[in-house]
Structure formats: structure tokens, C-alpha cells
Amino acid sequence: MHLKHDIAGFDRRFFSFFIDAILLCLLSTLIFLFIDDYYYHKPILFTLLGFGFVSLYFGFLDSTMTKGRSIGKSLLGIRVVKTNNAYLPVIQSLIRALIFLFPICLSSLFYWVGSFPMKVALISVLTVIGASLFYLFIFNRNTKQSLHDLLVNSIVIDSRKAPAERETIWKYHFLFLIVFIAVILFLRLNPLFQQNNDPMLHALVDNIQSDEQIVHVRAKNEIDNTEKNIAMNIYVNDPSLVNNVNFQQKLENSVQQQNLPNVSKINAHIYSVGQFGLYVVLHQKDLVLSHLKK
């Protein structure tokens with residue numbers, strides 16, 4: 001690899017993204033405030049549009065159009081090039097941006113997907129891409145290429161430093177990466193399968209999710225001293241429901257109708273989540289339901 005400049009360090013890459021992220025977060029916030037009334041009617045569509053909006057920013061500015069420099073990269077003196085020193089064509093730069101931003105801008109999409117197989121598939125893809133990006137960004141100290149760089153053969157250089165010889169990526173990183181992904185996947189998916197395979201939790205979740213105002217429910221058993229409790233995260237499709245007393249009463253009535261032997265109480269956390277680009281809005285309410293032990 002014969003570059004015209006040295007490879008950019010972790011610190012410059014991080015702070016250049018931080019600068020871009022602040023700008024994009026401000027723009028994403030303004031757009032979300034404008035579409036707020038419409039977002040919860042078509043959350044998947046607007047989440048995807050936010051993903052596209054941020055991807056276009058990096059896709060165009062990290063390409064040959066601006067010589068590989070987003071605003072943050074320009075301020076920090078770094079740029080994106082191919083390993084042969086040419087600038088990235090727009091299409092390759094867009095692919096690079098889409099891969100990098102997929103787990104960032106689509107993290108909330110999981111809550112809006114109703115099908116269990118689709119939830120598993122989506123969280124698996126998010127985890128594989130996110131874990132790969134994180135591992136390579138932190139541990140690939142030779143070329144400092146993460147997943148999105150390796151797939152389009154790009155590299156980030158520091159235009160203020162003279163070229164220096166660098167070793168290629170350590171081949172055993174890919175072995176460690178597989179193990180790392182497997183561990184993260186297990187940690188992310190195991191609670192889902194445990195919930196789905198527990199007859200009591202499965203029936204409880206199915207009943208609660210039958211309400212069209214509830215888009216996602218996570219439940220798990222907890223042991224508090226000698227008491228058996230259930231912890232639930234309940235995601236709703238309208239932020240006004242989070243603090244709505246009537247909705248909370250309806251939720252409690254629904255739970256009271258379930259057959260929950262030896263369960264003392266349910267600790268419920270009601271959420272409403274919205275995401276456009278790099279802006280995420282979260283409303284939350286903690287609720288302890290009535291004692292249920294029979």
C-alpha cells in the first residue's frame with residue numbers, strides 16, 4: 001500500500017465524525033420537529049428517509065465531488081481515498097456510508113417490526129454490521145480500516161502527515177471478529193428466544209401486543225429476594241400514551257386478566273421512540289402494576 005499521506009489516526013477520525021454528527025443531529029432534529037405529527041403514522045418510512053438523508057451527506061461529501069472531505073474531515077485535515085490514492089466515486093462512497101450508518105440510523109427500526117422472524121433477522125443484521133464496524137475500528141491498528149472501508153477498498157488519510165509504511169491488516173483479526181460477533185449475537189438474541197419459549201411470558205406478550213397502540217413488548221422473569229416478578233418494556237406508537245392514565249389503567253386491566261401464578265408484581269416501563277437520521281427522541285414512564293400473586 002503506497003499512499004501519498006499517512007493513515008489518519010483514531011482521534012482525528014473520531015472527532016471529525018463528532019463534528020459531522022453535531023451538524024447532522026441539528027438538521028435531523030429540525031426535520032423531525034417538522035414531521036413530528038406524521039412520523040408516528042409511518043415510522044418505518046420516516047426512519048428510512050432519515051437513514052437516506054444522513055447517508056447522502058457522507059456519500060456525496062466523502063466522494064470525488066469534494067475530494068473525500070466532509071465538513072468534519074476538512075476541519076481535521078483528513079480525507080477518504082481509495083488505497084490507490086484515487087478519490088471514491090459517488091456510488092462507492094454511498095455504499096460506504098450506507099454500511100457505516102446502517103446500525104446507527106436504523107437502531108430503532110427493530111421496535112416497529114411486528115413479525116418475530118423479522119425482528120430476529122433485523123437485529124442479527126444490525127448486530128453483525130455494528131459489531132464488525134466497532135471491532136475493526138478499535139482493533140485494526142495497522143490500516144485502521146473498518147468494515148465499510150474494507151468493502152469498498154477505501155482508507156482515511158491525514159493530509160498533514162507524510163506517507164509512512166504500514167502493514168496490512170492482521171489476518172487473525174477476522175477470526176477474532178467471528179468470535180466477537182457470535183458473542184454479541186448471543187447476548188442480543190438470547191433474551192428474545194427466552195421470552196418466546198416461555199409459555200407464560202409468550203402468552204402475556206401476545207395479549208398485550210394485541211392492542212394496536214402497542215408496537216413492541218419485551219418481558220423477562222426476575223427474582224427479587226424470594227418473590228418472582230416480571231419486568232416489561234412496552235413501546236407504544238404515540239408519545240402521548242406514555243403518561244396517559246387511561247392507557248395505563250387499560251394496560252393494568254389487561255395484565256390482571258392473565259394467568260400469572262406466583263408472580264408478585266410487574267415492573268413496566270412504557271416507552272415511545274422515534275428516530276430520524278442521528279436524532280432519537282425517547283419518552284419514558286415507569287409503572288408498577290398491582291400485586292398479582294394468587
Side-chain angles (χ1 to χ4, degrees), residues 1-24 50-107 125-178 180-181 277-278:
M1 189 184 302
H2 300 285
L3 299 171
K4 293 181 180 178
H5 297 278
D6 197 11
I7 298 171
F10 173 85
D11 54 345
R12 286 188 182 275
R13 291 188 67 172
F14 174 81
F15 285 110
S16 71
F17 176 73
F18 183 72
I19 292 169
D20 288 323
I22 290 176
L23 173 62
L24 287 167
F51 172 48
F53 166 69
V54 179
S55 298
L56 287 174
Y57 172 88
F58 285 106
F60 284 124
L61 294 187
D62 285 344
S63 73
T64 186
M65 293 180 65
T66 58
K67 298 183 178 180
R69 297 175 298 176
S70 64
I71 294 173
K73 292 182 180 67
S74 182
L75 292 174
L76 272 295
I78 63 178
R79 65 180 71 206
V80 180
V81 297
K82 293 178 70 67
T83 52
N84 63 2
N85 294 294
Y87 296 116
L88 280 176
V90 172
I91 296 299
Q92 289 187 14
S93 184
L94 279 170
I95 293 172
R96 180 180 183 272
L98 288 168
I99 295 168
F100 174 65
L101 294 165
F102 189 92
I104 300 174
C105 294
L106 297 182
S107 59
V125 174
L126 287 167
T127 299
V128 169
I129 296 177
S132 300
L133 288 166
F134 176 82
Y135 177 89
L136 293 169
F137 190 68
I138 298 298
F139 296 108
N140 177 19
R141 309 311 297 166
N142 291 347
T143 65
K144 298 182 174 64
Q145 292 171 294
S146 193
L147 178 67
H148 58 314
D149 287 313
L150 292 171
L151 291 179
V152 299
N153 204 28
S154 66
I155 199 161
V156 182
I157 59 171
D158 188 338
S159 56
R160 301 173 185 178
K161 291 185 178 180
E165 284 297 321
R166 297 277 184 164
E167 297 180 12
T168 57
I169 184 172
W170 187 42
K171 62 181 179 180
Y172 291 108
H173 272 315
F174 297 108
L175 176 61
F176 288 118
L177 176 58
I178 292 172
F180 183 70
I181 290 173
L278 297 183

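Keep in mind that this is a model prediction, so the values were computed, not measured. Only this structure's heavy atoms are used, side chains among them; waters, hydrogens and symmetry mates stay out.
Every side-chain contact (heavy atoms from CB on, under 4.5 Å) that Thr127 has, sequence neighbours left out, goes to Ile123, Ile184, Leu185, Arg188. Scored by the side-chain contact (heavy atoms from CB on, under 4.5 Å) test, Phe60 finds Leu56, Met65, Val90 as partners (sequence neighbours excluded). Asn153 meets the side chain to side chain donor-acceptor pair (under 3.5 Å) test with Thr83; sequence neighbours excluded. Legend: residues meeting ring-ring contact (aromatic ring centres under 6.0 Å, His included) with Phe180, ordered by chain and number and at least two apart, are Tyr135. Under the side chain to side chain donor-acceptor pair (under 3.5 Å) criterion, Asn140 pairs with Thr143, not counting sequence neighbours. Residues meeting the side chain to side chain donor-acceptor pair (under 3.5 Å) test with Lys144, sequence neighbours left out: none. Applying the ring-ring contact (aromatic ring centres under 6.0 Å, His included) rule to Phe10 yields the partners Phe137; only residues at least two apart in sequence or on another chain are considered.
Residues in residues 2-11 take part in these salt bridge (Lys or Arg N to Asp or Glu O under 4.0 Å) pairs, two or more places apart or across chains: Asp6-Arg166. Residue pairs meeting the ring-ring contact (aromatic ring centres under 6.0 Å, His included) criterion with at least one member in residues 64-91: none, sequence neighbours excluded. Applying the salt bridge (Lys or Arg N to Asp or Glu O under 4.0 Å) definition to pairs two or more places apart or across chains, none involves residues 83-94. Applying the salt bridge (Lys or Arg N to Asp or Glu O under 4.0 Å) test to every pair with at least one member in residues 52-79, sequence neighbours left out, gives these pairs: Asp62-Lys73, Asp62-Arg96. Counting only residues at least two apart or on different chains, no salt bridge (Lys or Arg N to Asp or Glu O under 4.0 Å) pair has a member in residues 128-140.
In this structure, Ser146 and Ser132 approach most closely via the heavy-atom pair OG-O, 4.0 Å. The shortest non-hydrogen separation linking Pro103 to Leu126 is CA-CD2, 3.6 Å. Annotation for Leu136 and Leu147: closest pair CD1-N, 3.6 Å, computed over non-hydrogen atoms. Here the closest non-hydrogen pair linking Ile181 and Ala131 is CG1-CB, 4.0 Å. Scanning all heavy atoms of the two residues, the minimum distance from Gly59 to Ser93 falls at O-OG, 2.7 Å. Taking each heavy atom of Leu98 and Ser55 in turn, the nearest pair found is CD2-OG, 3.4 Å.
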> How far apart are the C-alpha atoms of Ile95 and Ile91, what are their side-chain angles, what is the distance that settles it, and do they pass the side-chain contact (heavy atoms from CB on, under 4.5 Å) test?
Replying inline: CA-CA 6 Å; Ile95 293 172; Ile91 296 299; 4.1 Å; yes
> Should Ile169 and Leu150 be marked as a side-chain contact (heavy atoms from CB on, under 4.5 Å) after you check the CA-CA gap, both sets of side-chain angles, and the distance that decides it?
Replying inline: CA-CA 10 Å; Ile169 184 172; Leu150 292 171; 4.2 Å; yes
> side-chain contact (heavy atoms from CB on, under 4.5 Å) between Ile78 and Ser159: does it pass, once the steps are laid out?
Replying inline: CA-CA 6 Å; Ile78 63 178; Ser159 56; over 6 Å; no
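Once rounded to the nearest 0.5 Å, the distance linking CD1 of Ile19 with CG of Leu76 reads 5.0 Å. Note: Leu101 CG to Leu94 CG = 10.5 Å, rounded to the nearest 0.5 Å. Atom-to-atom distance recorded for Arg141:CZ and Glu167:CD is 13.5 Å, nearest 0.5 angstrom. Rounding to the nearest 0.5 angstrom, the gap separating the CZ atom in Phe58 from the CG atom in Asp20 is 4.5 Å. Here Leu133 contributes atom CG and Ile138 contributes atom CD1; the two are 11.0 Å apart, rounded to the nearest 0.5 Å. Note that CG of Leu88 is 5.0 Å distant from OG of Ser154, once rounded to the nearest 0.5 Å.
Of the candidates His5, Arg13, Arg12, Asp158 forms a side-chain hydrogen bond (donor to acceptor under 3.5 Å, both in side chains) with just one, namely Arg12.
At least one side-chain heavy atom of Cys105 sits less than 4.5 Å from a side-chain heavy atom of Leu278. Counting heavy atoms from C-beta outward, Leu75 and Phe15 have side chains that stay 4.5 Å or more apart.
Using a distance-only test at 3.5 Å, with no hydrogens or angles considered, a donor-acceptor pair links the side chain of Asn85 to the main chain of His2.
Counted within 6.0 Å of NZ on Lys82, heavy atoms from surrounding residues, nucleotides or ligands total more than 12; the atom is thus considered enclosed. Within a 6.0 Å radius of CZ in Phe17, more than 12 heavy atoms belonging to other residues, nucleotides or ligands are found.
Aromatic ring orientation, Phe102 versus Phe51: perpendicular (interplanar angle above 60°, classes split at 30° and 60°).
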